[in-house]
Amino acid sequence: MRMQTVRGTSDILPEDQRYWNFIFNVINSSAEINGFEKIETPIIEYLGLFEKGTGETTEVVSKQMFEVKRLSNEPSDDKEKQVLRPEITPGIVRAYLNHGMNQWPQPVQVFSIGPCFRYEKPQAGRYRQFWQGDFESFGTDDPATDARMISLAWGIIKDLRIRNVKLEINTIGCSNCRSQVLDSLTNYFSKKKAILCKDCLSRYNKNPLRILDCKKVNCQKATKDMIPMKDQVCEHCQDHFSQVIDFLKDSNVPYSISNNLVRGFDYYTRTIFEIGLKSDIKRQSTLLGGGRYDNLIETYGGRPTPAIGFGFGIERIINIIKRQKIKVEIAEKTQVFVAQLGEDAKRKALTILEWLKTEGISARAALSKNTLKSQLKMADKLKAEYAIIIGQREFLDGTAIIRSMNEGIQEVVDQEKLMDKLKEKLHLK
Ligand code: AMP
């Protein structure tokens with residue numbers, strides 16, 4: 001008898017490695033540009049981590065956990081159940097607390113890539129072992145951070161060149177207004193019980209928020225006259241959400257507000273978002289999902305610390321890359337390296353990277369590096385032809401320095417003329 005892979009798992013053959021390398025490359029360079037550092041946490045964790053965080057009654061924890069069999073002679077102080085992680089966020093939050101990262105300069109920005117396990121019914125895009133990419137930012141609830149994370153997520157999907165995607169956002173309120181929102185939903189759905197499915201009747205008692213994302217036609221009909229979440233949450237959350245939207249508009253990220261968007265985990269608060277294919281109306285093969293989780297660190301015994309993150313499934317992305325016949329060559333050489341000094345300059349550097357991308361000029365940056373020397377060293381290593389340097393003075397003057405990396409010659413230009421000048425130098429016009 002031939003040996004088989006375990007149900008819902010698969011081999012990644014040599015011919016597929018280029019897809020994985022392509023995605024790892026996009027993840028690593030997005031992390032570097034936006035100042036995220038890599039973290040890896042164990043695949044085995046205590047069940048309590050997910051029960052307390054992800055939520056004891058969520059599908060993932062109550063039905064899809066792979067428990068690790070323990071030997072009967074384990075030390076008596078280590079009898080707690082151990083499981084294979086179904087998602088990455090709780091492990092990173094645990095590590096944040098275990099290693100005193102709350103004492104580091106905030107925000108702490110980290111990312112991770114690795115396998116996750118869910119005991120699901122295997123089908124297209126749904127596996128028992130799958131890989132997730134994951135980005136987390138701790139220590140600020142500034143709406144600009146929400147917009148930056150959403151824009152980072154959108155940028156990753158765009159850098160992977162996936163087409164026909166949509167970004168949906170919503171707010172689900174904070175710990176102050178959640179109970180009031182749930183009361184109002186319970187009241188609303190009490191008049192719709194006759195058309196709710198069996199699962200939603202149980203959700204009605206446990207967590208009526210989850211009714212919003214039921215795929216059944218009648219349950220969707222039942223939500224039709226509901227007051228949008230963004231108008232039900234408290235004033236504080238409304239204000240936060242409208243600022244997130246303003247920042248998103250400024251960064252030209254094409255979002256749509258989806259009143260029915262909720263997420264499957266208990267820890268989410270305020271802003272939540274998902275990216276999926278436009279054709280996936282029922283949201284059954286979401287590529288990426290995330291949101292704020294301002295109470296999770298406190299739930300794990302830490303001091304109240306706001307945080308936001310997102311995760312995306314690598315196999316699902318590969319399926320789409322194959323379906324859309326996307327070429328997966330790894331970006332060749334770097335033409336321009338954008339170096340910055342200071343917070344204002346960092347923001348400007350991101351805008352310049354966007355300009356360069358739009359012009360089809362391959363560009364890199366390293367926002368986590370704070371000295372010019374280390375950034376120029378990296379530009380050298382990448383064999384960039386030019387470096388653009390923005391310091392505090394250039395930020396205030398509206399100028400930028402163009403440095404020829406081969407000759408070491410520098411020139412100051414107005415930011416408005418920067419693209420024209422660069423294209424000239426790169427012989428693109
Ligand atoms: P979640 O952690 O449930 O928010 O999921 C984040 C992303 O992981 C999803 O958008 C999917 O791309 C991916 N994902 C979740 N569950 C699975 C699965 N069973 N198989 C493959 N990918 C998955």
Side-chain angles (χ1 to χ4, degrees), residues 5-12 16 19-20 23 26-27 41 43 45 49-50 53-55 57-66 83-93 111-136 149-150 152-154 156-157 160 162 165-170 172 209-210 212-213 215 258 261-269 271-280 282-293 296 307-323:
T5 49
V6 168
R7 223 169 119 70
T9 72
S10 52
D11 301 313
I12 306 168
D16 270 353
Y19 295 102
W20 289 80
I23 296 172
V26 167
I27 295 174
T41 59
I43 283 166
E45 297 272 5
L49 184 78
F50 303 104
T54 315
T57 59
T58 58
E59 286 246 323
V60 163
V61 177
S62 62
K63 297 191 190 146
Q64 300 178 345
M65 222 37 127
F66 276 96
V83 293
L84 302 183
R85 66 179 180 193
E87 55 142 344
I88 299 183
T89 306
I92 296 185
V93 176
F111 78 106
S112 198
I113 313 172
C116 295
F117 302 82
R118 292 185 194 175
Y119 197 77
E120 303 205 66
K121 191 167 157 231
Q123 50 192 296
R126 216 168 269 280
Y127 314 107
R128 291 191 171 168
Q129 175 174 338
F130 62 97
W131 282 60
Q132 271 195 353
D134 187 87
F135 282 71
E136 310 289 347
M149 289 297 276
I150 294 172
L152 167 63
W154 182 251
I156 290 175
I157 299 297
L160 292 167
I162 297 175
V165 274
K166 60 173 190 279
L167 162 70
E168 294 179 296
I169 59 170
N170 198 11
I172 51 169
L209 251 185
R210 301 301 318 278
L212 307 197
D213 113 274
K215 313 291 183 268
S258 168
L261 179 64
V262 289
R263 308 257 315 123
F265 304 154
D266 282 354
Y267 50 64
Y268 284 117
T269 51
T271 317
I272 52 167
F273 54 98
E274 281 189 358
I275 299 178
L277 289 181
K278 280 185 188 155
S279 53
D280 184 23
K282 288 190 172 174
R283 262 194 234 113
Q284 278 172 327
S285 57
T286 306
L287 292 179
L288 177 150
R292 257 199 183 281
Y293 50 93
L296 185 56
I308 178 167
F310 61 85
F312 46 98
I314 312 261
E315 285 85 350
R316 277 196 201 174
I317 286 176
I318 291 179
N319 291 347
I320 288 170
I321 287 180
K322 286 183 176 173
R323 218 183 313 148

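When a ligand or atom number is given, it counts from 1 through the structure's own listing order. Computed over heavy atoms, backbone and side chain alike; hydrogens, waters and symmetry mates excluded.
If you check which protein heavy atom lies closest to atom 14 (N) of ligand 1, you get Phe130 CE1, 3.5 Å. Summary of contacts: the protein heavy atom closest to atom 4 (O) of ligand 1 is Arg263 NH2, 2.5 Å. Protein heavy atom in closest approach to atom 1 (P) of ligand 1: Arg118 NH2, 3.5 Å. With hydrogens left out, the protein atom closest to atom 20 (N) of ligand 1 is Tyr127 N, 2.9 Å, a heavy atom. Looking at atom 8 (O) of ligand 1, its nearest protein heavy atom turns out to be Gln132 NE2, 3.1 Å. Protein heavy atom nearest atom 19 (N) of ligand 1, with residue, atom name and distance: Glu120 OE2, 2.5 Å.
The aromatic rings of Phe111 and Phe135 sit parallel to each other, their planes meeting at less than 30°, with 60° as the upper class boundary.
A donor-acceptor pair under 3.5 Å is formed between the side chain of Lys215 and the backbone N or O of Asp213. Arg128 places a side-chain N or O within 3.5 Å of a backbone atom of Glu120 that can act as its donor or acceptor partner. Of the possible polar contacts, none joining the Asp134 side chain to the Ile88 backbone as a donor-acceptor pair under 3.5 Å is found. At least one donor-acceptor pair under 3.5 Å links the side chain of Arg316 to the backbone N or O of Thr286. Under a 3.5 Å cut-off, the side chain of Lys166 and the backbone N or O of Leu277 do form a donor-acceptor pair.
The N/O atoms of Gly289, backbone and side chain alike, include none that comes under 3.5 Å of an N/O atom in ligand 1.
Residue contacts with ligand 1, taken as heavy atom pairs separated by less than 4.0 Å, involve Leu287 solely via the backbone atoms N, CA, C and O.
Those atoms of ligand 1 that come under 4.0 Å of a heavy atom in Arg126, given as number and element, are 18 (C), 19 (N), 20 (N). Per-residue contacts place Thr286 under 4.0 angstrom from the following atoms of ligand 1 (heavy atoms of the residue considered): 9 (C), 10 (O), 11 (C), 12 (O). The atoms of ligand 1 that sit less than 4.0 Å from any heavy atom of Leu288 are 10 (O). Below 4.0 Å from some heavy atom of Gly125 lie the following atoms of ligand 1, by number and element: 20 (N), 21 (C), 22 (N).
Checked against ring-ring contact (aromatic ring centres under 6.0 Å, His included), Phe312 has no partners two or more places apart in sequence or in another chain. Taking the side-chain contact (heavy atoms from CB on, under 4.5 Å) definition, one finds that Ile12 meets it with Asp16, Gln17, Trp20, sequence neighbours left out.
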request  = Please lay out, stage by stage, how Thr57 and Asp266 fare under the test side-chain contact (heavy atoms from CB on, under 4.5 Å).
outcome  = CA-CA 9 Å; Thr57 59; Asp266 282 354; 4.2 Å; yes
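Under a 4.0 angstrom heavy-atom cut-off, Phe310 registers as lying outside contact with ligand 1.
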